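Predicted model only: the values in this text are computed from it and were never measured. In the text below, chain A, chain B and the rest are named by the order of the sequence lines, each starting its count at 1.
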2 protein chains.
Amino acid sequence: MAEHKRHLFDKDEIDIAEVAKALSHPARLKILRILSQMNVCMCGEIVDLLPLAQATVSQHLKELKRVNLVQGEIEGPKTCYCINTDSIQKIFEKFQNYFNEINKECNRSCKTKKK
Amino acid sequence: MAEHKRHLFDKDEIDIAEVAKALSHPARLKILRILSQMNVCMCGEIVDLLPLAQATVSQHLKELKRVNLVQGEIEGPKTCYCINTDSIQKIFEKFQNYFNEINKECNRSCKTKKK
DNA sequence: ATCGTTCATCGCAAATATACGATGAATAAG
DNA sequence: CTTATTCATCGTATATTTGCGATGAACGAT
């Protein structure tokens, strides 16, 4: 009786919501920043830069991979992570479109009666 | 032992994460769309357009107000909701900056070794 | 004053998310 | 083969989110 109704919405909204969810934790935002600065990097390096345990960071990375913001490739015992540039570009465009849409026709907001 | 570590991150990341969280549910994305199309509108109208109970919609509206995406004004027994245009503009700029930042220096991603 | 409408909030149940220690898989090095 | 390193995953505890019925507050209309 909770978190069951997501399916009842438009695919568009569900998709954007998924990405927003992935971006809804400071640790994940920071991981993306780290990855964008460090080029390719390994999980351990990220762990060293965050106040979180290795298991937790691994979970956050998994979530970022799930929505395609990040890609990881196993290299022997290590795993090499990096930003998924193409995907991020597309994702950002979706956000941009959404924001444009909800910001378009709003000259007539209730601020007119605000005072 | 959970959801306690948010405070340990940069204010910047915490702020963006807060907004992303508000945008992380399809119902809330749809509510914003509805508000942007209907000009000002009352909670009841939104409830009619969503597959959710009134109490639930009210909660979602509260969350959207919390991060300033929406403003609401009580008018007698009704409450008039509308998009907070100015605030949305600022919020979008933050997102934009963040995306630009993580997308900047990534010519050197691991796709080079992808194949 | 009473009634109906509109909505916020409370209290609860269930689902998810967050965090971590422990374990195990995979490989490199010895 | 043994060991050390790196990481994913499992299991678990706790916190948060989602959803709703029930209730009550605020007002307009009668």
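- If you take NZ of A:Lys78 and P of D:dT5, they are 12 Å apart, rounded to a whole angstrom.
- Remark: P of C:dT18 and NZ of B:Lys21 are 9 Å apart, rounded to the nearest angstrom.
- Not one side-chain nitrogen or oxygen of A:Arg6 sits closer than 4.0 Å to the OP1 or OP2 atom of C:dA15.
- Atom CD in A:Glu63 sits about 16 Å away from atom C1' in D:dA8, given to the nearest Å.
- If you measure from atom NZ of B:Lys62 to atom C1' of C:dT6, you get 17 Å, rounded to the nearest angstrom.
- The phosphate of C:dC20 (OP1 or OP2) has no side-chain N or O of B:His4 nearer than 4.0 angstrom.
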Does the salt bridge (charged side-chain N to carboxylate O under 4.0 Å, His left out) test come out yes or no for A:Arg33 and B:Asp10, once each step is laid out? CA-CA 12 Å; A:Arg33 275 199 168 124; B:Asp10 296 344; 5.3 Å; no
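- Here the C1' atom of nucleotide C:dA8 and the CZ atom of B:Arg66 are 17 Å apart, to the nearest Å.
- Under the ring pair (Phe, Tyr, Trp, His ring centres under 6.0 Å) criterion, B:Tyr98 pairs with no residue, sequence neighbours left out.
- Regarding B:Met42, its CE atom lies at a distance of 16 Å from the C1' atom of C:dA8, rounded to whole Å.
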Within the 4.0 Å limit for protein heavy atoms, which parts of nucleotides 25-30 of chain D are touched? Write it as a string from 5' to 3', B for base, S for sugar-phosphate only, - for none. -BS---
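- The salt bridge (charged side-chain N to carboxylate O under 4.0 Å, His left out) test applied to A:Lys90 returns no partner, not counting sequence neighbours.
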In sequence, state the C-alpha distance, the side-chain angles, and the governing distance for A:Leu23 and A:Val67, and then conclude on side-chain contact (heavy atoms from CB on, under 4.5 Å). CA-CA 10 Å; A:Leu23 296 174; A:Val67 296; over 6 Å; no
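- Heavy-atom distances under 4.0 Å link DNA chain C to B:Gln54, B:Ala55, B:Ser58 of residues 47-61 of chain B, given in residue order.
- Scored by the side chain to side chain contact (heavy atoms under 4.5 Å, CB included) test, B:Lys30 finds A:Phe9, A:Glu13, B:Ile34, B:Leu50 as partners (sequence neighbours excluded).
- Residue pairs meeting the side chain to side chain donor-acceptor pair (under 3.5 Å) criterion with at least one member in residues 53-62 of chain A, sequence neighbours excluded: A:Arg28-A:His60.
- Distance, A:Leu23 CG to C:dA17 P: 14 Å, rounded to whole Å.
- No option in A:Thr79, A:Leu35, A:Leu49 other than A:Leu35 meets the side-chain contact (heavy atoms from CB on, under 4.5 Å) test with A:Cys41.
- By the 4.5 Å heavy-atom criterion applied to side chains, A:Arg66 and A:Glu18 are counted as neighbours.
- Spacing between atom CD of A:Glu73 and atom C1' of D:dC7 amounts to 15 Å, rounded to whole angstrom units.
- Two residues, B:Thr79 and B:Phe9, neighbour DNA chain C, and the one matched to the more 5' nucleotide by heavy-atom proximity is B:Thr79.
- Enclosure of atom NZ in B:Lys78 is not indicated, since only 12 or fewer non-hydrogen atoms of other residues, nucleotides or ligands lie within 6.0 angstrom.
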